[in-house]
Amino acid sequence: MYNVEGILQTFQVYGGVTSFLALFLASVIYGFCHGREEERKRFFFLFVLSFLFVFNDLSMNLVGKVVGTATYYRFLWAIPVLPVIAWAGTKAITEREKRWEQALVLVLVFCLFWGGKNSFVTEGTIRIPENVSNVPKEVIQVCRIINEDKTMERPVVIFDRDCQMWSRFCAPDLVWGISRDAYQYHNDPEGYENAKKYKWEKAMIHAVNFGMKDEQEMLTKALEKKKVDYIVTMSAYQMDAYLDQAGYSLVDMTAERSVYARKE
């Protein structure tokens, strides 16, 4: 996401297979046309702020220098999409004087919620989470293994990408040995031509995310440079012997992953 077009695409992607964006825009228009004076002022304020701080190249570039361009999409969360939709829907129903008009509005809202591929409620969108934090059980087990084994307060850990992204929810004390940017821009099994800044992290990505076993010297140096305490990778890669040569031994396993600790 490096321009306004990218921001708009991200806004649409985060709507998922729903009509969030179209319904939100319709709600804003409805607010301008049928809202009270105070409500219209609020919508105008929302409109101005959105263009000043979200849908704006200059703003994105300035803020991106502080928080990183790759995470600028989080500013989209500041736009109250669902509250505006809920407000407009409630207002449209409650302010209709005739019952047939209220019934018609309800039917229209139902059609918006149940519109095939653009539906809010489609097969697979409703599920019961595995636990209260909605974190995969596999990741919770990995973090528990590390927490029970660690002897330092904030160990440095390298994970396969999926496990790393989930780990922050249940173990924020674990330090990532592979940065978010390294995974975002260099998550591939290719060489190091375009990854000079992240060459050490890329060596670790090759090992834990792809199970590559042909960079023993490079990986060992990377682990030493990053002072990695634990390694988490897929058990199917069968990395025991390879990581043993790098100075790490198996601590425990989950159903899919193996956890290795640096030898003392």
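Given the structure is predicted, the values throughout are model-derived calculations rather than measurements. Heavy-atom basis, side chains included; hydrogens, waters and symmetry copies ignored.
- Contacts of K226 classified as salt bridge (Lys or Arg N to Asp or Glu O under 4.0 Å), with partners at least two apart in sequence or in another chain: none.
- Between R168 and W176, some side-chain heavy-atom pair lies under the 4.5 Å cut-off.
- Between the side chain of S258 and the backbone N or O of M253, no donor-acceptor pair lies under 3.5 Å.
- Residues M152 and V175 do not share a hydrophobic cluster, clusters being chains of Ile/Leu/Val/Met/Phe/Trp/Tyr side chains in contact below 4.5 Å.
- Listed by chain and residue number, nothing satisfies the side-chain hydrogen bond (donor to acceptor under 3.5 Å, both in side chains) test with S27 (two or more places apart in sequence, or in another chain).
- In this structure the side chain of W87 reaches within 4.5 angstrom of the side chain of K91, judged on heavy atoms.
- Under the 3.5 Å distance criterion, with hydrogens and angles disregarded, no donor-acceptor pair is assigned to the side chains of Y185 and N194.
- Checked against side-chain hydrogen bond (donor to acceptor under 3.5 Å, both in side chains), E153 has no partners two or more places apart in sequence or in another chain.
- Of the possible polar contacts, one joining the N147 side chain to the C143 backbone as a donor-acceptor pair under 3.5 Å is found.
- Remark: D162 pairs with no residue by the side-chain hydrogen bond (donor to acceptor under 3.5 Å, both in side chains) rule, at least two apart or across chains.
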(request) Please step through side-chain contact (heavy atoms from CB on, under 4.5 Å) for the pair I178 and V208, ending with a clear verdict. (result) CA-CA 10 Å; I178 300 174; V208 299; 4.0 Å; yes
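- With sequence neighbours left out, the side-chain contact (heavy atoms from CB on, under 4.5 Å) criterion links T220 to Q216, E224, A246.
- With sequence neighbours excluded, the residues that form a side-chain hydrogen bond (donor to acceptor under 3.5 Å, both in side chains) with K221 are E217.
- Within the structure, ring-ring contact (aromatic ring centres under 6.0 Å, His included) contacts touching residues 236-264 (residues at least two apart or in different chains) do not occur.
- Inter-residue side-chain proximity for K150 and D173 is flagged as met; some heavy-atom pair is nearer than 4.5 Å.
- No continuous path of hydrophobic side-chain contacts links V228 to V251 [ILVMFWY only; heavy atoms under 4.5 Å].
- Here E37 pairs with K41 under the salt bridge (Lys or Arg N to Asp or Glu O under 4.0 Å) rule; sequence neighbours left out.
- Contact of the N209 side chain with the N187 side chain is registered, since non-hydrogen atoms from C-beta on lie closer than 4.5 Å.
- The side-chain heavy atoms of F32 and F44, taken from C-beta on, include a pair separated by under 4.5 Å.
- Using a 4.5 Å cut-off on side-chain heavy atoms (C-beta onward), L223 and I158 make contact.
- Nearest heavy atom pair, residue V135 against residue I140, reads O-CD1, 3.8 Å.
- The distance from atom CD of Q164 to atom CG of L174, rounded to the nearest 0.5 Å, is 10.5 Å.
- Pairs of residues two or more places apart, or lying in two chains, that qualify as salt bridge (charged side-chain N to carboxylate O under 4.0 Å, His left out) and include a residue from residues 229-249 are D229-R262, D244-K263.
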Show me the side-chain donor-acceptor pairs of residues 198-206 shorter than 3.5 Å, one per line, residues at least two apart or across chains.
| from | atom 1 | to | atom 2 | distance (Å) |
| --- | --- | --- | --- | --- |
| E201 | OE2 | S179 | N | 2.6 |
| E201 | OE2 | S179 | OG | 3.0 |
| K202 | NZ | D188 | OD1 | 2.9 |
| K202 | NZ | G191 | O | 2.9 |
| H206 | ND1 | E215 | OE1 | 3.1 |
| H206 | ND1 | E215 | OE2 | 3.1 |
| H206 | NE2 | D188 | O | 3.2 |
| H206 | NE2 | E190 | O | 3.0 |

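- For D252, there are no salt bridge (Lys or Arg N to Asp or Glu O under 4.0 Å) partners two or more places apart in sequence or in a different chain.
- Within the 3.5 Å criterion, the main-chain N or O of Q238 finds a donor-acceptor partner in the side chain of K213.
- Judged by distance alone, the side chain of E138 and the main-chain N or O of R257 form a donor-acceptor pair under 3.5 Å.
- In this structure, the separation between CZ on R144 and NZ on K137 is 10.0 Å, given to the nearest 0.5 Å.
- Residues M239 and M234 fail the side-chain proximity criterion, which asks for heavy atoms closer than 4.5 Å.
- The side-chain contact (heavy atoms from CB on, under 4.5 Å) check on R42 picks up E38, with sequence neighbours excluded.
- Criterion: ILVMFWY side-chain heavy atoms under 4.5 Å apart, direct or through other members. Under it, F159 and L219 are not part of a common hydrophobic cluster.
- Taking all atoms of both residues into account, the shortest heavy-atom contact from I146 to P155 is CG2-CG, 4.3 Å.
- Counting only heavy atoms from C-beta outward, the side chains of C163 and V142 approach each other to under 4.5 Å.
- At a threshold of 4.5 Å between side-chain heavy atoms, the hydrophobic network of Ile, Leu, Val, Met, Phe, Trp and Tyr places Y183 and F210 in one connected group.
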(request) Check the pair H186, Y192 against side-chain contact (heavy atoms from CB on, under 4.5 Å), reporting the backbone distance first and the verdict last. (result) CA-CA 9 Å; H186 302 287; Y192 297 85; over 6 Å; no
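- Rounding to the nearest 0.5 angstrom, the gap separating the CG atom in L243 from the CD1 atom in I231 is 4.5 Å.
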